[in-house]
Peer 1: 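My structure is below; once you've seen it, I'll send some questions.
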Amino acid sequence: MPTPRPVLQVQHLIKQFGDFTAVNDISFDLRPGEILGLLGPNGAGKTTTIQMLLGVVKPTSGSIQMFGRDLETDREAILRQVNFSSTYVSLPQALTVEENLWVMARLYGLPQIQLRIDAIVKQLEMEEFRHKVTRKLSSGQSARLGLAKAFLTEPKILFLDEPTASLDPDIAQKIRSFLKEERRVSGLSVLYSSHNMHEMEEMTDRIIFLQRGKIVAEGTAQEIVARFGQADLEEVFVKLAREE
């Protein structure tokens with residue numbers, strides 16, 4: 001059986017800000033139904049890479065293709081099938097949780113909006129604060145709202161930046177289980193960035209490790225640990241971060 005075509009292909013991607021090279025000639029792909037980890041210390045180029053994949057930042061050179069289309073020329077069609085969630089990005093603070101979800105649903109032109117909102121609110125256990133003003137949410141509630149916004153549109157590719165960073169262990173585990181189930185049911189492909197090494201080991205099929213804008217390791221968590229001769233992924237991270 002032929003190997004399925006990647007849903008995301010990045011080729012020789014470079015981003016320079018003046019004399020500083022934030023992303024330095026990286027190439028990788030994301031396969032259908034795969035959770036690909038994006039790992040590296042602060043300043044390694046992870047956020048810049050995600051911003052280029054979302055079309056927010058224009059690459060200096062290189063190419064990005066999703067679903068066989070070029071992001072530069074088919075940006076709108078591609079991004080209708082993509083979404084993003086980050087602990088560090090907030091939604092309009094004066095709106096309630098439900099109002100924020102309504103705005104997102106209208107922007108994407110979703111049908112049966114109330115049914116979809118009701119379903120995602122139930123899945124992420126947000127019923128008790130669905131009518132709460134967003135600025136009054138706790139950090140954990142805000143994180144769940146960000147995830148609800150991302151899953152509301154039923155994306156085919158999802159970019160996640162520290163999705164469980166502000167959650168207590170119980171809710172974090174429920175979110176991980178939810179992600180795994182969504183991947184199983186819908187074939188969702190995920191680019192997953194986190195500083196929680198145990199989470200990366202649990203969640204990802206493969207990992208790419210960025211350091212100073214370059215990919216310095218790629219493979220399963222077990223392969224990367226074995227390559228660097230460490231006990232676990234956390235020790236690999238510490239070793240590479242200290243080498244900077």
Side-chain angles (χ1 to χ4, degrees), residues 4-9 30-36 50-56 64-137 140-161 163-164 167 171 174-192 203:
R5 183 175 187 175
V7 292
L8 166 65
Q9 292 176 294
L30 176 64
R31 301 159 190 170
E34 181 180 37
I35 299 179
L36 176 65
I50 291 173
Q51 288 174 336
M52 287 190 285
L53 297 177
L54 289 168
V56 176
I64 299 169
Q65 287 195 332
M66 295 187 215
F67 317 112
R69 297 177 169 183
D70 189 271
L71 180 60
E72 186 173 3
T73 56
D74 291 313
R75 183 175 182 272
E76 183 175 346
I78 288 171
L79 293 182
R80 294 186 74 84
Q81 304 176 76
V82 173
N83 217 317
F84 166 70
S85 179
S86 172
T87 300
Y88 311 110
V89 176
S90 60
L91 292 171
Q93 298 292 292
L95 300 181
T96 66
V97 166
E98 182 152 347
E99 286 169 345
N100 264 306
L101 295 177
W102 263 93
V103 169
M104 182 58 55
R106 294 289 298 273
L107 286 172
Y108 274 78
L110 299 184
Q112 298 183 307
I113 294 175
Q114 192 63 59
L115 289 176
R116 181 62 188 147
I117 289 175
D118 289 345
I120 202 68
V121 164
K122 182 178 180 180
Q123 284 178 298
L124 292 175
E125 299 184 15
M126 298 167 57
E127 189 65 52
E128 67 180 35
F129 60 90
R130 71 185 295 168
H131 300 299
K132 195 173 184 178
V133 175
T134 299
R135 68 171 175 272
K136 296 183 179 180
L137 299 179
Q141 291 170 341
S142 293
R144 274 185 278 173
L145 173 56
L147 286 167
K149 181 271 296 183
F151 277 103
L152 186 68
T153 62
E154 299 181 298
K156 294 180 180 177
I157 296 177
L158 184 60
F159 301 121
L160 294 178
D161 184 17
T164 64
L167 303 178
I171 295 296
K174 288 178 179 178
I175 293 299
R176 289 193 289 270
S177 296
F178 172 69
L179 286 168
K180 292 175 185 176
E181 181 64 12
E182 285 294 308
R183 187 261 289 268
R184 186 189 68 80
V185 171
S186 68
L188 174 70
S189 301
V190 182
L191 184 66
Y192 197 103
M203 292 297 298

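Numbers here are sequence positions counted from 1.
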Peer 1: Under a 4.5 Å cut-off applied to non-hydrogen side-chain atoms, are Leu124 and Ile175 in contact?
Peer 2: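 They are in side-chain contact.
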Peer 1: Do the side chains of Ser85 and Leu160 get nearer than 4.5 Å, heavy atoms only?
Peer 2: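 Yes, close enough: below the 4.5 Å cut-off.
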Peer 1: Is the closest side-chain heavy-atom distance between Leu152 and Tyr108 below 4.5 Å?
Peer 2: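 Not touching, per the 4.5 Å side-chain cut-off.
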Peer 1: Please check this pair: side chain of Arg69 against backbone of Ile78, looking for a donor-acceptor N/O pair closer than 3.5 Å.
Peer 2: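 The answer is no, because no donor-acceptor pair under 3.5 Å joins these two groups.
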Peer 1: So, do Phe67 and Asp74 sit near enough that their side-chain heavy atoms are less than 4.5 Å apart?
Peer 2: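 Side-chain contact under 4.5 Å: no.
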Peer 1: So which atom in Glu72 and which in Asp70 form the shortest heavy-atom distance, rounded to 0.1 Å?
Peer 2: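 Heavy-atom minimum between the residues: N-OD1, 2.9 Å.
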Peer 1: Checking Thr87 side chain against Ala143 main chain: does a donor-acceptor pair fall under 3.5 Å?
Peer 2: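 No, because the side chain of Thr87 does not come within donor-acceptor range (under 3.5 Å) of the backbone of Ala143.
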Peer 1: Is Phe178 close to Leu147 at the side-chain level, that is, under 4.5 Å between some pair of heavy atoms?
Peer 2: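 No. Closest side-chain heavy atoms not under 4.5 Å.
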Peer 1: Mind checking whether Gln141 and Met126 have side chains closer than 4.5 Å, heavy atoms only?
Peer 2: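 SC-SC contact between Gln141 and Met126 ruled out.
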Peer 1: Could you go through Leu8 and Ile64, starting from their C-alpha distance and side-chain angles, then the distance that decides it, and tell me whether this counts as side-chain contact (heavy atoms from CB on, under 4.5 Å)?
Peer 2: CA-CA 7 Å; Leu8 166 65; Ile64 299 169; 4.0 Å; yes
Peer 1: Check this for me, if you would: do Asp118 and Arg130 make a salt bridge, where the nitrogen-to-carboxylate-oxygen distance has to be below 4.0 angstrom?
Peer 2: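 Yes.
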Peer 1: Does some side-chain heavy atom of Thr164 sit less than 4.5 Å from a side-chain heavy atom of Arg176?
Peer 2: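 Yes; the side chains approach each other to less than 4.5 Å.
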Peer 1: If you define the side chain from C-beta out and look only at heavy atoms, does anything of Phe151 sit under 4.5 Å from Asn83?
Peer 2: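 No, every pair of side-chain atoms sits at 4.5 Å or beyond.
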